[in-house]
Amino acid sequence: EDGSRRTSSGADIRRGESGSSMPPVRDLVDIGCAATADPVDGAPRARGIRVDGLERVRSEAQCALVEQLSGLLTTTDRPAISLPGGKVVYRKDDSLLIDVRAPSRASFVHVAYLQADGSVVHLQQSSPRALLRLGSSELRRFGTGLAGSPRFTVQAPFGDELILAIASEAPLFDRPRPTVEKMEDFAKALGSVVRRGGFSGSADFVALATVDAGDGEKNAAGSPPAT
């Protein structure tokens, strides 16, 4: 067992093939990547985000990547990501479904899963030939296992994870990104795109935590899940 997130068929999710209301405006506090002062001594606290009522520490790599999108997250007309049922803590062997709704205008949409092990899995690739283009407010669901698509189930590694959706008028990259790559590499490439003159786009994210089955029971009792 190599500790990777897998589909129910045993295939590595990292190698999987492939309501219209607007989400609330994000800021860096929502993202969980803005340093806050300790209420006792005023010293900077670890950057974090609240998941299921618990303070979860974000990795520097996750924060660096998401902060590349800070300007895109404050746009009201942007893609919307949701996890059906409103669940944010997933236990081992749970099914994982991901809903992505396009903005009000037809857009190319890139969907990426930021894993706890520091890798990025591109659920919807970004090449001009393969990039998903959704119509106005069109909904796309990932992880169902229908029509030959992968079915997502939660396996190790466990920890704090993020799912990003980036909508743009044109494909993000001239060439495909690797299906799986280091978070730092994707952050660097993405930063060069969003800082490019004339770039027009918007983004959304959802935070979740994945835990082992036993840790999930502790979480229900109020103890922090294992990371």
Side-chain angles (χ1 to χ4, degrees), residues 1-18 31-33 46-66 81-100 110-126 140-146 148-165 177-187 190 204-227:
E1 183 71 25
D2 64 3
S4 59
R5 181 69 29 78
R6 295 182 180 276
T7 65
S8 60
S9 63
D12 192 336
I13 188 176
R14 301 174 186 174
R15 294 172 179 80
E17 297 173 2
S18 55
I31 296 168
C33 289
R47 304 197 289 187
I49 192 167
R50 296 194 69 80
V51 176
D52 198 32
L54 300 171
E55 188 75 14
R56 310 288 307 190
V57 176
R58 291 283 121 192
S59 71
E60 289 296 320
Q62 284 187 7
C63 286
L65 197 156
V66 174
I81 304 178
S82 61
L83 303 175
K87 193 173 182 179
V88 291
V89 177
Y90 286 80
R91 293 164 59 181
K92 181 181 178 181
D93 296 326
D94 281 352
S95 295
L96 174 62
L97 297 175
I98 304 166
D99 285 349
V100 178
H110 184 108
V111 183
Y113 193 110
L114 280 58
Q115 296 198 130
D117 64 359
S119 64
V120 176
V121 183
H122 299 291
L123 302 183
Q124 180 57 57
Q125 185 53 279
S126 56
R140 174 71 178 268
R141 174 167 287 184
F142 296 86
T144 63
L146 301 175
S149 65
R151 178 175 181 266
F152 299 159
T153 57
V154 172
Q155 300 293 331
F158 305 112
D160 299 319
E161 305 186 315
L162 290 171
I163 306 168
L164 299 176
R177 302 299 303 173
T179 302
V180 185
E181 63 179 318
K182 293 181 180 179
M183 217 170 290
E184 294 88 346
D185 293 340
F186 184 55
L190 186 61
D204 191 31
F205 79 95
V206 66
L208 66 155
T210 59
V211 299
D212 205 347
D215 294 320
E217 293 174 2
K218 293 179 183 178
N219 178 51
S223 300
T227 56

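Because only heavy atoms are used, hydrogens play no part in the values below, and waters and symmetry mates are left out as well, while side chains stay in.
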With a 4.5 Å heavy-atom cut-off, do I98 and R141 have their side chains touching?
no

Are any of the side-chain heavy atoms of L208 and Y113 separated by less than 4.5 Å?
yes

Can you check side-chain contact (heavy atoms from CB on, under 4.5 Å) on L65 and L162, steps first, answer last?
CA-CA 11 Å; L65 197 156; L162 290 171; over 6 Å; no

Partners passing salt bridge (Lys or Arg N to Asp or Glu O under 4.0 Å) against [X] (at least two apart in sequence or in another chain):
X: K182; answer: none
X: D94; answer: K87
X: E184; answer: none

Taking every non-hydrogen atom, the tightest pair across F205 and I81
CA-CD1, 4.0 Å

Residue pair P84 / L97: nearest heavy atoms and the distance that separates them:
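Shortest heavy-atom separation between P84 and L97 comes out as CD-O, 3.2 Å.
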
Rounded to the nearest 0.5 Å, what separates atom CG in D160 from atom CG in L114?
12.0 Å

Would the distance check show the side chain of T210 and the main-chain N or O of G159 forming a donor-acceptor pair, the cut-off being under 3.5 Å?
yes

Look at the side chain of E161 and the backbone N and O of Q115, then say whether any donor-acceptor pair between them is shorter than 3.5 Å.
no

Mind telling me whether F186 and H122 have parallel, tilted or perpendicular rings, with 30° and 60° as the class edges?
perpendicular

Start with the C-alpha gap between I163 and L83, add the side-chain angles, then the distance that decides, and say whether side-chain contact (heavy atoms from CB on, under 4.5 Å) holds.
CA-CA 10 Å; I163 306 168; L83 303 175; 4.0 Å; yes

